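Below, all heavy atoms of this structure are taken into account, side chains as well, without hydrogens, waters or symmetry copies. When a ligand or atom number is given, it counts from 1 through the structure's own listing order. Everything numeric here is computed off the predicted structure, so don't read it as measured data.
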Amino acid sequence: MDPKTPEYVKKVVMDAAGMVSIRLCAIGNELGLFADLASKGPATSDELAGRLGLNERYIREWIYAMSAAGYLEFDKQSRKATLPDALIPVLVEEGGPLYQGGLFKMFTGLMQPFNELVKAFREGGGISYDTYDGIFWEGLESNSCVRYKNFLVSQWLPEMPDVQAKLEQGASFADFGCGAGRSTVELAKAFPNAKFFGFDLFAPNIEKARANAKEAGVEDRVDFRVHDISKGVPDKFDIVATFDLIHDMADPKGGLRALRQAVKDDGIYVLMDVACEDDPADNQGPMAVFKYGASLHFCMTTSLGQGGMGLGTVGLPEVRVKEFCKEAGFSSVRRLPIEHPLNVLYEIRP
Ligand SMILES: C[S@@+](CC[C@H](N)C(=O)[O-])C[C@H]1O[C@@H](n2cnc3c(N)ncnc32)[C@H](O)[C@@H]1O
């Protein structure tokens with residue numbers, strides 16, 4: 001036997017344990033188990049099940065599993081489980097800068113269409129957006145929301161003083177591929193003089209975006225509409241933005257040409273996409289596994305499902321952003337000096 005083989009066996013066991021942990025964390029979030037332990041303190045399985053009206057036998061097994069996985073501390077004397085304080089920002093404080101709960105839902109949802117994906121490996125083609133149910137879209141929204149609430153206005157916009165000045169002066173702003181509208185809503189909250197528009201081709205996202213705008217009290221300044229950017233642009237705007245859209249598109253080059261038409265000649269296009277290396281083989285380590293997993297289970301696959309280019313999650317490195325933007329008729333591309341493990345931003349001029 002190759003002496004390295006036992007190490008690979010251990011690796012498989014570790015990876016399988018990680019996958020199980022993600023699913024059990026998704027259950028913990030869905031049922032409010034982590035939130036209850038954080039707010040009401042340590043509990044036995046009886047107490048936790050009683051507090052939430054759940055089945056004790058399932059909760060007991062979940063507690064043992066989560067403590068074996070390192071997410072809970074278990075006291076053998078009192079039989080109580082504790083959620084460590086250090087884990088509260090990661091598992092419970094939804095919307096906070098360290099919150100990861102969206103990932104549990106997102107990956108649980110992403111991994112549901114298994115047979116469809118295997119079929120696509122054999123025959124090509126892909127999977128359509130409506131194959132993914134609510135848990136995926138909720139997870140995506142929750143995960144994106146962390147970035148928009150904590151970084152977009154306070155850290156990323158100050159790197160684009162012209163965009164900031166235009167918004168302060170009452171610019172029109174269009175967010176294409178807006179999803180549940182979290183980026184648009186955060187900007188609308190911060191810039192009361194500006195007028196905001198959000199477009200997405202997937203109707204359930206627009207419904208959710210409208211509800212989010214209403215909840216934030218900005219519905220009078222945010223207009224969300226179902227629109228497919230590949231069918232052309234609805235108007236011209238002072239500022240146009242795409243947040244994690246271009247790599248997902250069936251026709252990213254056509255999308256960028258349309259976006260060029262949507263930006264006024266003295267306007268600015270803000271492009272946020274996924275941080276990645278020019279050579280796909282240079283994307284390495286856990287973040288790369290995460291990005292390629294999202295790519296195969298959604299980004300590349302939904303694009304191919306529409307007969308598209310299938311760039312994939314890490315298919316839009318800086319070199320390609322510059323090439324595609326030049327072809328689309330933009331004159332300059334400036335990468336912002338921000339450090340974020342998932343995203344990069346560019347300020348692009350017509
Ligand atoms: C990865 S999601 C990002 C959503 C949102 N911007 C965010 O950051 O949470 C990509 C979004 O682009 C939308 N989309 C894909 N192709 C589109 C197109 N041609 N026109 C408009 N929206 C599109 C999808 O429906 C999806 O909501």
Side-chain angles (χ1 to χ4, degrees), residues 95 102-103 105-107 109-110 126-132 134 136-152 156 173-188 196-210 212-213 222 224-234 240-259 261-262 269-275 290-291 293-316 328 340 342-345:
L103 288 182
K105 284 189 168 182
M106 201 173 102
F107 274 97
L110 274 179
I127 296 178
S128 67
Y129 282 120
D130 52 17
T131 310
Y132 299 88
F136 164 70
W137 295 104
E138 280 170 31
L140 179 70
E141 178 183 350
S142 169
N143 197 39
S144 306
C145 185
V146 170
R147 281 169 279 165
Y148 306 137
K149 259 190 193 315
N150 299 286
F151 308 118
L152 177 58
W156 297 348
F173 180 103
D175 184 349
F176 286 94
C178 63
R182 293 291 190 166
S183 42
T184 335
V185 166
E186 284 307 311
L187 289 166
F196 292 89
F197 298 83
F199 303 98
D200 200 287
L201 57 65
F202 191 53
N205 282 348
I206 290 298
E207 274 172 41
K208 188 72 208 311
R210 287 180 182 144
N212 286 337
V222 187
F224 285 115
R225 289 188 218 160
V226 176
H227 180 79
D228 178 349
I229 179 77
S230 64
K231 305 263 186 312
V233 292
V240 161
T242 58
F243 297 100
D244 275 346
L245 167 72
I246 303 299
H247 73 265
D248 259 2
M249 287 192 77
D251 177 13
K253 289 185 174 187
L256 285 165
R257 282 196 297 275
L259 289 161
Q261 296 312 308
Y269 167 36
V270 177
L271 191 171
M272 185 189 92
D273 218 283
V274 175
F290 168 100
K291 290 171 188 172
S295 191
L296 279 159
H297 286 85
F298 185 81
C299 301
M300 179 192 82
T301 304
T302 52
S303 173
L304 293 175
Q306 298 167 71
M309 195 175 187
L311 272 184
T313 309
V314 291
L316 199 64
H340 188 273
L342 195 58
N343 288 117
V344 282
L345 278 105

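Residue contact check for ligand 1: Phe176 places no non-hydrogen atom closer than 4.0 Å to it. The shortest separation from a heavy atom of Glu141 to ligand 1 is not under 4.0 Å, leaving the residue out of contact. Tyr148 counts as a contact of ligand 1, since one of its heavy atoms falls under 4.0 Å from the ligand.
Here the shortest heavy-atom pairing between Phe224 and Ala209 reads CE1-O, 3.3 Å.
Counting only N and O atoms by type, the side chains of Tyr148 and Thr184 include no donor and acceptor under 3.5 Å apart. Residues Asn343 and Asp273 bring no donor and acceptor atom of their side chains to less than 3.5 Å of each other. Side-chain contact annotation: Ser230 with Asp251, donor-acceptor N/O pair under 3.5 Å absent.
At the shortest separation from atom 15 (C) of ligand 1 among protein heavy atoms lies Tyr129 OH, 3.2 Å. Counting only heavy atoms of the protein, atom 17 (C) of ligand 1 lies nearest to Leu201 CD2, 3.3 Å. Scanning the protein heavy atoms around atom 27 (O) of ligand 1, the nearest turns out to be Asp200 OD2, 2.7 Å. Counting only heavy atoms of the protein, atom 20 (N) of ligand 1 lies nearest to Ile229 N, 3.0 Å. Atom 12 (O) of ligand 1 has its closest protein heavy atom at Leu245 CD1, 3.3 Å. Scanning the protein for heavy atoms near atom 21 (C) of ligand 1, the closest one is His227 O, 3.3 Å. For atom 9 (O) of ligand 1, the nearest protein heavy atom (residue, atom name, distance) is Ser144 OG, 2.7 Å.
Near Asn205, meaning under 4.0 Å from one of its heavy atoms, ligand 1 places the atoms 25 (O), 27 (O). Atoms of ligand 1 found under 4.0 Å from any heavy atom of Phe202 (numbered from 1 in listed order, with element): 25 (O).
By the 3.5 Å distance cut-off applied to N or O atoms, Phe243 is counted among the residues near ligand 1. Inclusion of Met249 in the set of residues having an N or O under 3.5 Å from an N or O of ligand 1 is not warranted. Between Asp175 and ligand 1, not a single N/O pair is under 3.5 Å apart. No N or O atom of Ser183 sits closer than 3.5 Å to an N or O atom of ligand 1. Residue Trp137 has no nitrogen or oxygen atom sitting less than 3.5 Å from a nitrogen or oxygen atom of ligand 1, judged on distance alone. Considering both main-chain and side-chain atoms, Asp244 never comes within under 3.5 Å of ligand 1 through any nitrogen or oxygen pair. Between Asp248 and ligand 1, a contact under 3.5 Å exists for no N or O pair.
Looking at Asp228 against ligand 1, both its backbone and its side chain come within 4.0 Å, counting heavy atoms.
Thr301 places a side-chain N or O within donor-acceptor distance of the main-chain N or O of Leu296, the cut-off being under 3.5 Å. Without hydrogens or angle criteria, Asn150 side chain to Val146 main chain gives a donor-acceptor distance under 3.5 Å. In this structure, Asp200 contributes its side chain and Asn205 its backbone to no donor-acceptor pair below 3.5 Å.
Contact check for Trp137 versus Lys208: no side-chain heavy atoms found under the 4.5 Å cut-off. Annotation: side chain of Asn212 is in contact with side chain of Glu141 (closest heavy-atom distance under 4.5 Å). Considering only heavy atoms from C-beta on, Tyr269 comes within 4.5 Å of Leu256 through its side chain.
When the heavy-atom distances from atom 6 (N) of ligand 1 to Cys299, Gly177, Ala241 are ranked, the shortest goes to Gly177.
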Inset, instruction - Check the pair Phe298, Phe136 against ring pair (Phe, Tyr, Trp, His ring centres under 6.0 Å), reporting the backbone distance first and the verdict last. - result: CA-CA 10 Å; Phe298 185 81; Phe136 164 70; 4.7 Å; yes
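Salt bridge present: Arg147 and Asp244 bring a charged side-chain N and a carboxylate O closer than 4.0 Å.
Residues Phe107 and Phe290 place their aromatic rings such that the two centres sit under 6.0 Å apart.
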